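These numbers come from a predicted model, not from an experiment. Numbering of ligands and ligand atoms starts at 1, following listing order.
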Amino acid sequence: MDKEKTEGQKLAEELLMSPKSLGERKHSLLESAQEFCEGYKEFLNCKTEREVVDYTIPLLKSKGYTEYVRGKKYAAGDKFYLNNRDKNLLMVTMGKKPVSEGIRIGVSHIDSPRLDLKPNPLFESTGMAYLKTHYYGGIKKYQWFTIPLSLHGIVCTGDGKTIKIAIGEEEGEPQFCVTDLLPHLARNQMKQTVAEAFSPENLNILVGSWPYDDEKVSEKVKLNIMNILHEKYGISEKDFLTAELCAVPAAKPMDFGLDRSMIGAYGQDDSVCAYANLMAELATTNPEYTTLTVFADKEETGSDGTTGMRSFFFRDFMEDIADTYGLKVRHILQRSMCLSCDVNAAVDPAFMDVYEPTNCSYLGRGPVVSKYTGSGGKYSTNDASAETMGFLRDILDDAEIHWQVGELGKIEAGGGGTIAAEISIHNLDTVDMGVPVLSMHAPVEVTSKADAYTLYLAIKAFYESPKKKP
Ligand code: MN
Ligand code: MN
């Protein structure tokens with residue numbers, strides 16, 4: 001029996017926020033989230049930006065997308081895509097309104113932290129063969145020792161051929177690892193700081209230990225490994241110089257928790273947002289405003305290069321669209337809005353000292369909207385305007401989507417950014433929205449299935465909303 005509520009209780013209900021988890025709000029949500037995440041787990045098997053693009057293009061075609069033709073005037077409901085260098089995808093669904101009224105953009109990145117092979121990687125030492133690496137993105141190096149790794153990438157040979165390589169993902173294929181010191185001899189290592197104890201120059205991948213059978217050869221194990229690669233792929237040592245190869249955790253994406261409410265997998269930063277973004281793009285069929293979904297690359301290394309968000313590929317594409325209708329790209333972007341879909345740090349009770357509990361995001365409380373990222377003093381960040389935040393809030397509230405805010409952590413605990421700053425530079429209103437992640441940038445990252453599914457619903461609501469941006 002509920003007792004009559006006091007005036008104060010009623011007032012508190014009316015005026016104060018009471019954070020609740022998605023599960024408390026709608027217990028049955030997990031079922032739909034489970035179903036959604038079956039497809040997500042499949043997507044997570046793409047472990048590099050190239051693999052995501054390779055996987056996504058056939059999916060787009062099966063959903064009626066055609067390759068973009070410059071100058072073509074598309075009709076409302078038409079869907080098309082552009083592939084930039086096999087590392088970016090731009091996917092469009094034409095709206096009923098002319099693009100001159102602005103478009104709805106969602107950007108997520110499809111690169112993740114990993115170990116890239118150095119240009120000259122193969123060496124032999126003490127009867128073993130190794131591949132030298134240079135880590136890509138921000139990693140805690142110690143986490144990459146002694147875990148099973150797989151090799152991915154492409155090799156461009158001198159004769160114009162491109163060979164795709166993936167070893168260690170399929171059942172029965174060999175895998176690799178970086179070795180670590182046994183505890184018995186680690187007395188000195190244990191006294192060092194973590195940064196000192198795990199040097200990036202020690203992130204060498206063990207790839208062989210058996211010699212080529214010829215007494216006259218000096219580096220027999222190295223030669224044997226090169227010979228195996230030559231027999232399988234037709235490559236020689238020189239071809240490493242013109243390759244993009246990397247090692248990533250070989251583990252398969254998995255359900256985590258006895259309640260199977262979570263996903264544990266490599267690369268969820270930012271595949272969890274990329275998948276939600278892609279699914280929202282596919283599900284949007286006849287929107288009021290044109291939608292543009294962008295898969296970005298190089299986010300983890302600062303968004304430079306031809307496929308990073310600092311590249312003109314995005315602007316050039318928009319300019320081609322604008323030209324078709326005799327418009328200026330700047331006039332379209334001023335009226336548009338962009339969701340920078342990237343993950344945020346979920347509060348971890350084991351490390352409470354770096355979180356500010358009322359402004360950080362929690363696993364299972366829904367998509368996390370971040371007004372700003374960066375670090376102390378709001379340095380170097382897109383700080384979304386109250387108007388932009390208000391517009392998004394309006395859309396999400398209408399669609400009954402529960403969301404939370406999230407600062408990355410305590411003000412001076414560290415810091416980090418997203419591509420929102422690279423997007424808003426185009427005078428394009430941008431706000432970060434993503435999924436809270438535990439163990440971000442670790443070989444296995446943890447997310448809530450309900451958050452992933454709700455992010456999809458949120459992006460879809462944003463794409464489909466007929467509301468005019470203020
Ligand atoms: Mn990210
Ligand atoms: Mn990241």
Side-chain angles (χ1 to χ4, degrees), residues 40 43-44 46-49 51-52 87-89 105-116 135-141 143-144 246 248-249 253 263-278 293-305 307-311 314 338-346 348 354 360-361 363 367-375 380-382 384 406-409 413-424 430-448 451-452 455-456 458-459:
Y40 174 41
F43 186 77
L44 279 166
C46 308
K47 294 188 174 175
T48 65
E49 60 280 3
E51 290 176 358
V52 170
K87 294 181 175 192
N88 300 127
L89 280 177
I105 305 170
V107 185
S108 34
H109 69 92
I110 51 173
D111 62 315
S112 298
R114 63 190 184 218
L115 304 179
D116 278 353
Y135 63 96
Y136 172 100
I139 60 166
K140 289 162 91 177
K141 281 144 227 147
Q143 295 175 334
W144 294 71
C246 67
V248 299
I263 298 270
Y266 163 73
Q268 296 204 72
D269 173 7
D270 186 31
S271 284
V272 65
C273 300
Y275 184 71
N277 209 340
L278 175 63
T293 300
V294 182
F295 278 176
D297 175 37
K298 296 276 182 287
E299 193 277 340
E300 297 295 357
T301 56
S303 296
D304 295 307
T307 54
M309 274 318 277
R310 292 159 71 100
S311 153
F314 164 71
C338 179
L339 293 179
S340 161
C341 299
D342 206 347
V343 297
N344 206 324
D348 185 335
V354 298
C360 288
S361 61
L363 209 75
V368 45
V369 178
S370 305
K371 189 176 186 306
Y372 50 86
T373 57
S375 56
S380 210
T381 184
N382 163 60
E407 280 196 320
L408 184 57
T418 65
I419 40 186
E422 272 73 42
I423 299 167
S424 55
T430 305
V431 59
D432 279 299
M433 181 166 72
V435 162
V437 176
L438 289 167
S439 308
M440 196 197 294
H441 284 205
V444 173
E445 302 170 306
V446 180
T447 59
S448 145
D451 288 339
L455 178 66
Y456 152 73
I459 302 170

Enquirer: If you draw a sphere of radius 2.8 Å around the Mn ion (ligand 2), how many protein N/O/S atoms end up strictly inside it?
Expert: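 Under the 2.8 Å cut-off, the count stands at 4.
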
Enquirer: Applying salt bridge (Lys or Arg N to Asp or Glu O under 4.0 Å), name anything that partners Lys371, two or more places apart in sequence or on another chain.
Expert: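 Applying salt bridge (Lys or Arg N to Asp or Glu O under 4.0 Å) to Lys371 gives Asp383.
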
Enquirer: Got a sec, which residues hit salt bridge (Lys or Arg N to Asp or Glu O under 4.0 Å) with Lys298, two or more places apart in sequence or on another chain?
Expert: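 Partners of Lys298 by the salt bridge (Lys or Arg N to Asp or Glu O under 4.0 Å) criterion come out as none, since no residue qualifies.
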
Enquirer: In terms of the angle between their ring planes, are Tyr266 and Trp144 parallel, tilted or perpendicular, with boundaries placed at 30° and 60°?
Expert: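 Perpendicular, since the angle between the ring planes exceeds 60°.
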
Enquirer: Is the shortest heavy-atom distance from the side chain of Asp451 to the side chain of Pro436 under 4.5 Å?
Expert: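 When only atoms from C-beta onward are counted, Pro436 and Asp451 do touch, with a gap below 4.5 Å.
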
Enquirer: How would you list, by chain and number, every residue that makes a salt bridge (Lys or Arg N to Asp or Glu O under 4.0 Å) with Asp116, sequence neighbours excluded?
Expert: Arg114

Enquirer: Examine the side chains of Asp297 and Thr307 and answer whether a donor and an acceptor come within less than 3.5 Å of each other.
Expert: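 Side chains of Asp297 and Thr307: pair found under 3.5 Å.
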
